[in-house]
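Throughout, numbering of the chain's residues begins at 1 and tracks the sequence.
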Amino acid sequence: MNAIFLSYASEDADAARRICEALRAAGLEVWFDQSELRGGDAWDASIRKQIKECALFVPVISASTNARSEGYFRLEWKLAVDRSHLMADDQAFFLPVILDDTPEPNARVPDKFRERQWTRLNSDAAHESFAAHVAKVVDGRGFQANNGLNSAPNGEFRNQSGTLNSVAPEPAQPVSGVQVSSVTRDEPNLDSGSFAKPGRDGKLGIGKWIALAAIALVIGAAAWVALNKPNAIPTPKAEPAATQSAPEVKALVAQVEALVRDPMTATRENYVLADELMQRVVRAEGNRAEHWMLAAHVSLRMIQMVYDRSDERIRTAVEQVERAQRLAPDAIQPKVMRMRLLCNSRTDVEAQRLAEEILAKEPANRDALACSNFMARLQGRDAEADAFRARLQALEGGDPLSMLFDTMALYSRGMLFAAERSYDELLALSQTRIVYYQGLSLRMSYFIDPNGAVEFSARIPEKFLSEDAIGALVAEALTMVGRGSDAVERLKRIPRDYIAEFGFDVPKGLLTGLAHEAAGQRAAATLEWRGALTLVEKRLTADARNLSLLAAKAQLQALLGMKAEALESLRLRVELGGKSNPPSMRQSVRVLVRSGKTNDAIELILREWPEARFLWRGTLVADLLHMPEYAALRKDKRITPLIEAHRALVKKARAPQTAGS
């Protein structure tokens with residue numbers, strides 16, 4: 001097939017259209033569609049098939065692509081690069097073009113693009129020459145036309161360098177049988193607090209969106225529970241007429257529903273398998289709103305549980321909700337899912353508005369009641385929160401899940417007496433993994449009692465102790481109380497090298513190294529940290545701006561004595577996170593202390609302490625009190641009063657007379 005794939009950012013649509021027109025005028029087959037993408041498209045298969053079968057790949061590079069770390073065009077670039085690895089070195093495939101005066105050394109593109117000469121399309125004549133040149137390459141030579149690539153048409157050719165990141169793909173629609181592939185990407189504008197199309201601005205607000213999706217940092221663990229029904233899978237109630245699903249699709253859907261029906265017991269493997277099955281479902285029947293709702297339900301759980309909170313996953317969840325809304329515009333469940341996506345913010349007005357709208361139509365809607373309860377509690381509207389909780393508990397079967405989220409909201413505000421009572425009630429109802437995790441978190445991060453956490457762990461079934469977050473938290477407690485060897489053994493039972501669940505997002509080797517160090521095994525600790533650093537750096541090659549990875553890299557470098565590198569990594573983490581998403585005090589202090597910047601660590605604590613979250617204070621105080629590396633800090637006359645004041649606050653907050661304060 002002599003097709004051409006034209007890959008561009010949405011901001012460059014007009015320029016890409018001119019290239020497309022020039023190619024068509026030269027008699028080349030062209031794919032160029034800018035219509036609204038429809039839910040029935042097999043979107044993933046479509047884009048992959050086009051890149052797999054095209055004869056030439058034309059990436060359009062510009063200031064727009066250079067300014068964006070994410071975009072559908074970057075997935076296209078990645079897929080094309082992956083395919084090129086199977087080709088002979090002399091085979092023609094990439095024909096990069098550049099639209100403007102973007103500085104060559106700063107161009108953010110895959111290294112593979114640098115192996116070919118580039119055309120700078122700076123005039124109509126350049127467009128015509130480029131089209132004629134491409135026609136020569138395609139005509140009679142197909143994939144073997146390497147020579148034509150080395151003689152430039154009337155444009156400038158350049159070599160470039162850059163980086164690569166991937167996000168979720170978008171489908172395309174053919175135009176009258178032509179084959180140059182190109183898709184317009186109107187991506188969701190997350191900064192606006194809605195799912196309206198942003199036109200061509202391409203601003204996605206990923207930093208803000210990750211902050212909304214990663215609830216664990218707000219309250220120390222899985223606040224995702226506020227946003228999920230305990231025993232029901234969301235299904236639109238006003239779906240347009242559709243034919244019955246095929247039997248094989250029905251069977252897949254039934255499997256998914258069984259896997260994710262109970263969020264209190266579902267594991268990582270449940271969600272990963274459910275996600276794979278839903279991809280098969282929507283490829284087979286992408287015109288049914290309930291399929292997209294179920295797919296979004298699975299994606300949201302994966303984000304909230306920190307199993308996958310990548311930009312690609314977040315975009316996928318947004319796209320799935322949008323498709324359900326287009327297919328069932330009058331149904332209430334797409335609105336419920338949209339509310340769930342927004343409800344992670346403490347003060348999100350749009351989420352509150354949607355919750356009120358849903359409750360006006362369905363007063364017993366669990367999701368809307370849970371979201372309302374969550375936001376009211378976090379915002380200090382306790383009378384309203386209590387009323388919502390009572391309504392939830394009055395529903396048939398009660399609602400242990402909403403009790404869990406309400407308990408964690410109480411933690412986050414330092415209302416420890418009320419939180420402890422709520423947790424005890426919850427544990428009496430549900431002995432599940434997430435409830436056990438919260439018992440550990442309560443003792444570690446809020447009561448500042450690692451010995452109590454170790455004692456509590458004896459009550460936890462072994463099947464849960466071997467799972468990521470619970471095992472890691474128990475290992476941290478063992479390390480703090482001087483039982484490093486026991487912590488190492490506990491971590492060995494965790495099957496994954498990278499722990500991403502609930503409140504954790506770190507390489508296992510970082511924790512294992514600290515455990516070895518506590519056991520006096522410095523050589524073993526160094527070996528673990530080196531392996532963890534290699535893992536983190538490998539992941540960063542594909543996701544260079546991942547804030548969790550950058551924080552882990554800085555800590556590992558500091559633990560390994562790479563002081564200058566650690567400080568530089570921490571500086572990058574701070575810059576990329578900005579004021580809205582800074583590293584935790586715990587992360588920053590570890591890097592500064594291990595890098596020999598003890599006074600800088602003290603100044604950072606003094607500066608951030610007044611505005612720090614209750615959780616962050618408690619976690620840092622636990623480190624200061626129990627980790628040997630912080631001996632100088634805990635004895636410093638500027639830090640000691642902060643530690644003692646927080647411990648006194650914890651003691652007072654657990655007293656009965658302060659409940660509700």
Search all heavy atoms of [X] against all heavy atoms of [Y] and return the closest pair with its distance.
X      : Y      : result
Arg522 : Leu559 : NH2-O, 3.1 Å
Leu535 : Asp497 : CD2-O, 3.7 Å
Leu511 : Ala472 : CD1-CB, 3.8 Å
Leu473 : Ser441 : CD2-N, 3.6 Å
His297 : Val260 : CD2-CG2, 4.1 Å
Ala518 : Thr479 : CB-CG2, 3.9 Å

Other residues, nucleotides, ligands: >12 heavy atoms within 6.0 Å of Arg634 CZ =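 Yes, because the 6.0 Å sphere around CZ of Arg634 holds more than 12 heavy atoms from other groups.
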Check whether more than 12 heavy atoms from other residues, nucleotides or ligands sit under 6.0 Å from atom CZ of Arg586, and answer yes or no.
->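 Enclosed.
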[X] [atom1] to [Y] [atom2] distance, which is reported to the nearest 0.5 Å:
X      : Y      : atom1 : atom2 : value
Asn270 : Met302 : CG    : CE    : 11.0 Å
Lys538 : Leu533 : NZ    : CG    : 14.0 Å
Leu440 : Leu465 : CG    : CG    : 8.0 Å

Is the closest side-chain heavy-atom distance between [X] and [Y] below 4.5 Å?
X      : Y      : value
Asp623 : Val589 : no
Leu478 : Ser457 : no
Arg590 : Leu514 : yes

Ionic contact status for [Y] with [X], cut-off 4.0 Å:
X      : Y      : answer
Glu462 : Arg490 : yes
Lys78  : Glu312 : no
Glu611 : Lys579 : no
Lys492 : Glu489 : yes

Between [X] and [Y] (side chain of the first, backbone of the second, donor and acceptor by atom type, cut-off under 3.5 Å), is there such a pair?
X      : Y      : value
Arg573 : Pro582 : yes
Lys508 : Ile494 : yes
Ser430 : Leu426 : no
Asp505 : Ala500 : no
Ser422 : Ala418 : no
Glu528 : Ala524 : no
Arg433 : Phe464 : no

Side-chain donor-acceptor contact under 3.5 Å, [X] with [Y]:
X      : Y      : result
Tyr498 : Asp468 : no
Asn599 : Glu603 : yes
Gln438 : Thr407 : no

Evaluate side chain to side chain contact (heavy atoms under 4.5 Å, CB included) for Leu277 paired with Val298, printing each intermediate quantity in order.
-> CA-CA 10 Å; Leu277 295 176; Val298 173; over 6 Å; no
Could you label the plane-to-plane angle of the Phe614 and Tyr446 rings as parallel, tilted or perpendicular, counting under 30° as parallel and over 60° as perpendicular?
->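 Parallel, since the angle between the ring planes stays under 30°.
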Angle class for the Trp609/His646 ring planes (parallel below 30°, perpendicular above 60°, tilted otherwise)?
->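 The arrangement is perpendicular - the two ring planes meet at more than 60°.
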